[in-house]
Amino acid sequence: MTTQAHATGRRAVKAVIPAAGLATRFLPATKAVPKELLPVVDRPVLQYIVEEAAAAGITDVLLVTGRGKTSMVDHFDRRPDIEARLEKKGDLERLAAVRRTSDLADIYTCRQGEPLGLGHAVGVAGSHIGDNAFAVLLGDEFVEEDQPLLPAMLDLQAQTGGIVLAFIEVSPEETSRYGIASVKPSSFGEDIVEVTGLVEKPKPEEAPSNLAVVGRYILPATIFEAIHNTKPGSGGEIQLTDAMAQLLAEGTPVHGIVYRGHRYDTGMPLGYLQAVVELAVKRSDLGAEFSSWLTDFVASDKMTKAGDK
């Protein structure tokens with residue numbers, strides 16, 4: 001087993017967003033509307049994610065799409081008809097918001113013919129990414145704008161040339177929902193650990209730590225060969241975790257940053273609804289009135305009757 005040479009010093013400027021899934025948890029809403037375009041107040045989930053990437057200096061975003069998801073691309077295209085109407089009305093605030101979506105980053109797409117797992121989705125991006133390190137941002141979670149995660153991950157990957165993961169701390173009963181890492185201290189500072197192993201969805205008594213992998217990865221281009229060599233695993237899918245474990249075994253450095261900020265997980269209905277409420281409450285134009293209504297609703301007979309069902 002030989003240690004590979006790892007390119008350092010160049011910060012990744014491309015991102016891949018896998019977004020070809022069927023989103024069955026949200027049916028029938030997602031029968032015609034991609035889950036990534038479900039609105040969180042007045043911006044779709046996908047826009048929050050692209051904004052997160054753009055704020056970290058990523059200017060090239062590849063959407064890995066599937067059947068019936070072309071509207072995701074349309075969201076980031078220009079709409080001269082809408083822009084002209086808003087300009088005529090003098091609605092400059094909404095005009096700026098509409099135009100902003102097409103100015104965030106250069107948006108590209110490729111098609112994943114079948115949903116064969118996260119590893120497979122990342123693998124189809126190989127020809128677009130080339131020999132560069134890149135970010136992978138899962139299409140159903142994002143973080144607070146004032147508590148960014150990606151910049152530190154990108155900087156660390158440029159230093160190490162390896163893999164950088166994002167972790168959150170979870171309770172023991174939650175480990176069976178995540179990939180869990182075994183780790184040791186690193187020389188890169190507080191909340192940065194060196195990863196020695198990854199276990200997919202372990203039972204609480206078998207979990208090597210309470211650090212769960214969440215949907216942000218910075219990967220070297222060597223991941224594409226590892227994905228190509230990865231056999232289908234759980235559910236007949238090609239798992240990104242298996243490909244990363246292969247690189248780790250071959251000597252690729254793997255580090256993780258423990259994220260202490262707020263993460264919104266819209267992958268399930270409850271998390272999606274929580275994100276809508278939390279961000280609506282924080283809005284300067286909606287927060288006060290919505291919070292007042294929400295307080296009254298929670299204390300009302302309607303809330304009591306709903307809880308009894």
Flag yes if more than 12 heavy atoms outside [X] fall under 6.0 Å of its [atom1] atom; otherwise flag no.
| X | atom1 | value |
| --- | --- | --- |
| Arg260 | CZ | yes |
| Glu289 | CD | no |
| Glu173 | CD | yes |
| Lys203 | NZ | no |
| Arg67 | CZ | no |
| Glu93 | CD | no |

Under 3.5 Å, is there a donor-acceptor pair linking the side chains of [X] and [Y]?
| X | Y | answer |
| --- | --- | --- |
| Gln47 | Glu51 | yes |
| Ser182 | Thr196 | yes |
| Gln112 | His120 | yes |
| Ser171 | Glu174 | yes |

Are [Y] and [X] linked, directly or through intermediate hydrophobic residues, by side-chain heavy-atom contacts shorter than 4.5 Å (ILVMFWY only)?
| X | Y | value |
| --- | --- | --- |
| Leu165 | Ile218 | no |
| Met153 | Leu198 | no |
| Leu247 | Leu156 | no |
| Met244 | Val195 | yes |
| Val13 | Val61 | no |

For [X] and [Y], work out which heavy atoms get closest and say how close.
| X | Y | value |
| --- | --- | --- |
| Gln157 | Ala133 | OE1-CB, 3.4 Å |
| Val281 | Ser291 | CG1-OG, 3.4 Å |
| Ala121 | Pro18 | CB-CB, 4.0 Å |
| Ala15 | Leu137 | CB-CD1, 3.6 Å |

Among Tyr217, Phe167, Phe188, the one residue meeting ring-ring contact (aromatic ring centres under 6.0 Å, His included) with His255
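Running ring-ring contact (aromatic ring centres under 6.0 Å, His included) over Tyr217, Phe167, Phe188 with His255 returns exactly one hit, Phe188.
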Salt bridge flag under 4.0 Å for residues [X] and [Y]:
| X | Y | result |
| --- | --- | --- |
| Arg43 | Glu145 | yes |
| Lys201 | Glu206 | no |
| Asp265 | Arg263 | yes |
| Lys69 | Asp74 | no |

Look up atom [atom1] in [X] and atom [atom2] in [Y], then write down how far apart they are to the nearest 0.5 Å.
| X | Y | atom1 | atom2 | answer |
| --- | --- | --- | --- | --- |
| Leu211 | Ile257 | CG | CD1 | 12.5 Å |
| Leu104 | Glu52 | CG | CD | 12.5 Å |
| Glu237 | Thr230 | CD | OG1 | 13.5 Å |
| Trp293 | Leu286 | CH2 | CG | 12.5 Å |
| Leu138 | Glu36 | CG | CD | 10.5 Å |
| Leu38 | Thr30 | CG | OG1 | 7.0 Å |

Determine whether Ile49 and Ile17 satisfy the following criterion, side chain to side chain contact (heavy atoms under 4.5 Å, CB included), listing intermediate values before the conclusion.
CA-CA 9 Å; Ile49 295 167; Ile17 301 178; 3.8 Å; yes
His75 side chain near Pro44 side chain, heavy-atom distance below 4.5 Å:
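Of all side-chain heavy-atom pairs linking Pro44 with His75, at least one is under 4.5 Å.
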Quick one, Ser186 and Val193 - any side-chain contact, counting heavy atoms below 4.5 Å?
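They are not in side-chain contact.
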Where do Leu154 and Ile58 land on the side chain to side chain contact (heavy atoms under 4.5 Å, CB included) test, with the steps shown first?
CA-CA 10 Å; Leu154 292 164; Ile58 291 175; 4.3 Å; yes
Parallel, tilted or perpendicular: which fits the ring planes of Phe142 and Tyr48, with parallel below 30° and perpendicular above 60°?
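Geometry flag for Tyr48 against Phe142: parallel rings.
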In terms of ring plane angle, is the pair Tyr272 and Phe26 parallel, tilted or perpendicular, where the classes change at 30° and 60°?
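Tyr272 and Phe26: perpendicular rings.
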Could you check, using the six-membered ring where one of them is a Trp, whether Phe297 and Phe290 have ring centers closer than 6.0 angstrom?
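Ring centroids of Phe297 and Phe290 are no less than 6.0 Å from each other.
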Ring pair (Phe, Tyr, Trp, His ring centres under 6.0 Å) partners for His262, two or more places apart:
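His262 satisfies ring pair (Phe, Tyr, Trp, His ring centres under 6.0 Å) with Tyr264 only.
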When you look at Asp131 and Arg10, which way does the salt bridge (charged side-chain N to carboxylate O under 4.0 Å, His left out) test go after all the steps?
CA-CA 11 Å; Asp131 295 330; Arg10 186 175 180 185; over 6 Å; no
Using the rule given for side chain to side chain contact (heavy atoms under 4.5 Å, CB included), can you reason through Thr175 versus Asn210, listing the C-alpha separation, both sets of side-chain angles and the distance that settles it, and then say yes or no?
CA-CA 7 Å; Thr175 58; Asn210 69 332; 5.6 Å; no
Quick check on side-chain hydrogen bond (donor to acceptor under 3.5 Å, both in side chains): which of Arg94, Lys88, Lys89 does Asp91 satisfy it with?
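Among the candidates, only Arg94 passes.
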Please check: side-chain N/O of Thr101 versus main-chain N/O of Phe76, any donor-acceptor pairing under 3.5 Å?
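Side chain of Thr101 to backbone of Phe76, a donor-acceptor pair under 3.5 Å: no, none is there.
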